[in-house]
There are 2 protein chains.
Amino acid sequence: MSILDSLAAIVGPGNVIADPAGLAPYLAEERGLYRGAARGVVRPGSTAEVSEVVKVCADAGIPMVPQGGNTGLCGGGVPSEDGGSVVISSERLTRIRAVDPVDFTLTAEAGCVLATLQQAAAAADCLFPLSLGAEGSCRIGGNISTNAGGTNVLRYGNTRDLVLGLEVVLSDGSVWNGLKRLRKDNTGYALQHLFIGAEGTLGVVTACVLKLFPRPRETATALVALSDLEAALPLFARARAASGDSVTACELIPRLGLELGLRHVPGVRDPFAAPHPWMLLLELSSSRPGGLRQALEDVLGDAFADGLAADAVLAESESQRAGFWRIREAIPEAQKKEGGSIKHDVAVATSRVPEMIRRCTSAVEAAMPGVRVVPFGHLGDGNTHFNLTQPIGADKTAFLARWAEMNRIVHDIVVEMEGSISAEHGIGRLKVDELAHYKPGVDLELMRRVKEALDPRGLMNPGKILRPGPGRP
Amino acid sequence: MSILDSLAAIVGPGNVIADPAGLAPYLAEERGLYRGAARGVVRPGSTAEVSEVVKVCADAGIPMVPQGGNTGLCGGGVPSEDGGSVVISSERLTRIRAVDPVDFTLTAEAGCVLATLQQAAAAADCLFPLSLGAEGSCRIGGNISTNAGGTNVLRYGNTRDLVLGLEVVLSDGSVWNGLKRLRKDNTGYALQHLFIGAEGTLGVVTACVLKLFPRPRETATALVALSDLEAALPLFARARAASGDSVTACELIPRLGLELGLRHVPGVRDPFAAPHPWMLLLELSSSRPGGLRQALEDVLGDAFADGLAADAVLAESESQRAGFWRIREAIPEAQKKEGGSIKHDVAVATSRVPEMIRRCTSAVEAAMPGVRVVPFGHLGDGNTHFNLTQPIGADKTAFLARWAEMNRIVHDIVVEMEGSISAEHGIGRLKVDELAHYKPGVDLELMRRVKEALDPRGLMNPGKILRPGPGRP
C-alpha cells in the first residue's frame, strides 16, 4: 500500500490530496515567495487521526510538514522543494471545545481561524486579544507554532503568554495531553513552551487552551506628532503609568509611511496641518470605563508642556480612530505599490529603538544612496519593521537582489545591540541561514539537543529553524 | 588536589565551606523537614566563577546542588543524604546590574534577595510584582528555578511571566547568555522556559532580566462574607471586568482559618458581627488613580443585590487593609500552633475550585473523622492550599503519619479534575514520588528526554523532580 493509500485509510480518501491543482494552494504561500513540493496533503479530522497519520509517516520515515492557514511570512508551513514530505493540514480541526467566561478560558482545536476565536470570545462578553493582519485566515495552531505577535502584545503579551495548555502529537505519533486550564502548575519542566514557537519542528499542535480577558469598554486613541524620534520613549512610559498599564497599542509611523499611504492607499488621510517626521499611534483600552480619555489628555498635555509632542489629535469617533489605524495598516500595502521593499522584523530593548533606527538608517543609506527607509511598527514592544523602499526610479529586480546585503547590515547592528533578527515572524525557511550565522554556538547546540530529544529522526518539518547537521536531525 | 581545594582555587578559600557548623545552614531548611549532606558549599562571586566551579565538578563527576535562599517548601535546594554533592550557593551573586524605567526592566544576579529587587524597582518608581512570604530572604534565582507564585499572580503572572531573559551555566560549565531585554524574540526554541521552574536540574541560573510595571497609585481592598462558596466565582469574574482587569488579589478564607488566627496570632480581628463560613479578600490596584474604589463598591452593591455577598467591609485606611491581609497571612502560622497540619498546594480550573473543595473535604472527613479542613489561598488563580488541621485532641505524630494517605485522597480527586498537585511550590524532593505516580508516561518521558539532552550525566541537582531511571539521568 502506498503512503497516500495508508493515509486515506485513516482520514478517508476525500481528505488526501495528491493532484497538482488540489495541491497547489498548500505548496506556496500567497505572495509566492516560497514554493515547495510534497507527496500529498492529508487533512485529519481529529487528534486521533493526526496521531495515526504521524505514526504511519514515522514508520515509513517520511517527513511531515504541519500547516495551518499558510499565512506565515517566513515559509515555516511550506514544504521543501524535494517533494518527499507529506503536508498535515489542520483545516478540519475546527471545533471550539469550550468557552468559559468564569475561568476566562477558551479551548479550541488547532485549525480554528483566529477571527472565529475572537468572535467566540466576544459572544461570551470576553476578549481574546491576539490580533494581526491575517486574522481572517490564519489558524490558531499556526499562531501558536510561530508565537505570533500582532498589535496587542504590549498589554496582553505574545501568543506564548496567551496559551494555558496544549495538546500535541509527538514525532512518534503519541499524544501529549497538556490541555490544562490551570493558571498555576509547577509539576516539572514547562513542556508546552517547547512547542510554542517551534514552527512544527517538534510535533504537531492539535488543540489549545487560551486565556480570555474582560472585554474593553472604553478606548482612547490619539495620533501624536513627536517633536523627535526620541520623544516616543518618555511618552510611552508616561502613558503606561498614567493609564493603569492600559496602553494596548504604541505604534511608530514615519512621515514617509504616511506619504506612501496618501499616494497609494484609498482612505488614508493626514490629520495634521503640517508635516511631521515621526508620529505615534497611542491607544489605551480598559474594561473599567471612565477616565481613560482624561488620562490620555493629561499625558498629552504634559507632553506638549515638556516639548515631547509637536501636535496631537484625539479620536472623537470610531471612524476617526479607524482613520488613524488606516494610516498605520496601510504602510505595507503602500510600500508594495511604491516598488520593491526589503524587510526586517527586528527587536531591541524598547529604550534603544531610536538609536537602532538611526544607526540602521545611516548604514543602509551609506550602502545604497537614495534608499528610502520606512521603520514602523510596535515601538512599545521594541519591535520595528525596518523596511526599505527602493530608491526613486531604481530597478526593482536589481534592488531586491541586494536583500541579503541589506539584511546583513541591519542584522549586524541589531545583534550588536543585543536585539532579535526575528521579533514576531519566526525563522521558517527564510532565516535559517541568518539564525545559523548570528546565534551563538551555545544557543544552537541547546536547540539542536532539544530537537534531537523530541524528534530524533528529524521527520518534523525538517529544514525549518535549524539546518540538519551531519548525523543530527 | 581534592575537589574542595580545586574549588577554593577558583573562589578563594574563604568561600568554600566544609566544617560541620558552617555547613549546617545549607543542609537543612528552616522547618527541618529536609536534611541532607554534602562535601561542601562553594560560594562563587561571578558567573565566570560559577562556570569554573561547574566545570571542575563536572570533570570530577561530582553532583551539584544549586541553592538560593534555601526557603523552598519542597526541598529542591537541599542536597540528598548521600553526602556526595557540592552545594553551589548564589549568596555572593548579589549585583543589580541595571534598572531601566523606560524599558521597565531590571537586570540582576541570581543571588539578589527578592525584597531587595522590589525596593530597587520602587526606587525607580516602578513595581516588581513578585511577592511572597519568604521575600525577605528568598533569592531571585530560587524564585526563577521554582517558578514562584505568591499573591500577585492574578494580575502579573507567575515568575515565569516576569522573566524576559536569563543567564545560565549549563551542566558542562558553558555559559548560555540569554540575558535579553526583549519583549519579542522569535528566533528558535524558547530556551529560557526550560530553566524556569526546573529547580536547578538543568543548569545554574546566574542572572536574569525581569519585567517591571508602573507602580500602583490606588488600591481598593474589601473583605467580603460570601453567601456561599460558589458565590466566589461570579464575584471574581465581575470584579475583573469592572476594574479594568485590576484585581491583584482574590484570596479565599474559610471560617476556621479566621478562628485559628483569632486564637493563636496577635493582631487578627474579625471585622464581621456574625460568623460567615467563607470570606473573600478582594484587592484592586492600578497605576491609574481614581475610580477603583467606586468600581469595587459597585461590584459589591450588585453582589448584595444578587445574593452573592452576605456582608462586606471596605478598607478605609492602610491599617484596616493590613488587618484584612493579617487574617489571610496568619493562617499557616495559626495552623502550626493548633497542632499538626497536612498540606496540599493544588490547583484546578478556577471555575472548579468550589467543587474541588467540597469533594476533597467530604473525602478526607470520611477517611479521618474529626479532621479540620482549612482550604485557603489564591482562588483567582485556581490555587488552593488545601490544608488539614489535626482533629481536636488527636496525637500529632499519629496524625502526621497519615500524610501520604491524605495526599493520595486529595491528589486523586485533583488529578481526576485535571488539576495540579503542585501549583506553586514545585516538586523538589517532597513530591518526586507523587509526580512519578500521577504524571502520564508521555509527560515523564518528555521530561526525561529534556533532562538527558541538557544534563546527560545527571549531575545537576540529581533526584529532584525526576527519579533517575536505569541508565538514565
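Numbered from 1 within each chain, the chains take letters A, B, ... in sequence-line order.
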So for [X], is it side chain, backbone, both, or neither that comes closer than 4.5 Å to the heavy atoms of chain A?
X      : value
B/R215 : neither
B/L182 : side chain
B/L292 : both
B/A295 : side chain
B/P456 : side chain
B/L154 : neither
B/E424 : both
B/T146 : backbone
B/I421 : both
B/D100 : side chain
B/L235 : neither
B/K431 : neither
B/V209 : neither

Where on [X] is there a heavy atom nearer than 4.5 Å to chain B: the side chain, the backbone, both, or neither?
X      : result
A/I427 : both
A/L164 : neither
A/R160 : side chain
A/N158 : side chain
A/L127 : neither

How about [X] and [Y]: do any of their side-chain heavy atoms sit closer than 4.5 Å?
X      : Y      : answer
B/Y189 : A/L454 : no
A/V450 : B/L194 : yes
A/D345 : B/N186 : no

Give the member of [options] that has the highest number of heavy-atom pairs under 4.5 Å with chain B.
options                        : value
A/T187, A/L446, A/V175, A/I465 : A/T187
A/G188, A/S285, A/G382         : A/G188
A/K180, A/R183, A/K184, A/E445 : A/K184
A/K464, A/E452, A/K439         : A/K439
A/R449, A/M447, A/R181         : A/M447
A/D245, A/V102, A/N383         : A/D245

| said: A quick test of your reading: do over 12 heavy atoms of other residues, nucleotides or ligands sit less than 6.0 Å from CD of A/E418? | reply: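 It does not: A/E418 CD has 12 such atoms or fewer within range.
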For chain A, the option from [options] that forms the most heavy-atom pairs under 4.5 Å:
options                        : answer
B/E199, B/R352, B/R217, B/K451 : B/K451
B/G165, B/C126, B/A148, B/G244 : B/G244
B/N177, B/L202, B/L233         : B/L202

| task | Inspect the contact between A/R288 and B/D298 and indicate whether a charged nitrogen and a carboxylate oxygen are less than 4.0 angstrom apart. | result |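 Salt bridge flag = no for A/R288 with B/D298.
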| request: Grab the two heavy atoms, one from A/S287 and one from B/A241, that are nearest each other, plus how far apart they are. | output: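 That closest heavy-atom pairing would be OG-O, 2.7 Å.
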| query | Nearest heavy-atom pair of B/D443 and A/L191: which atoms, and what distance? | reply |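 Here B/D443 and A/L191 meet closest at O-CD1, 4.0 Å.
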| Does one side chain, of B/S351 or A/D103, offer a donor that lies under 3.5 Å from an acceptor on the other? |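 B/S351 vs A/D103: donor-acceptor pair found between side chains.
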| query | Using the ring of each side chain (for Trp, its six-membered ring), is B/H193 parallel, tilted or perpendicular to A/H193, with breaks at 30° and 60°? | reply |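 Rings of B/H193 and A/H193: parallel, as their planes differ by under 30°.
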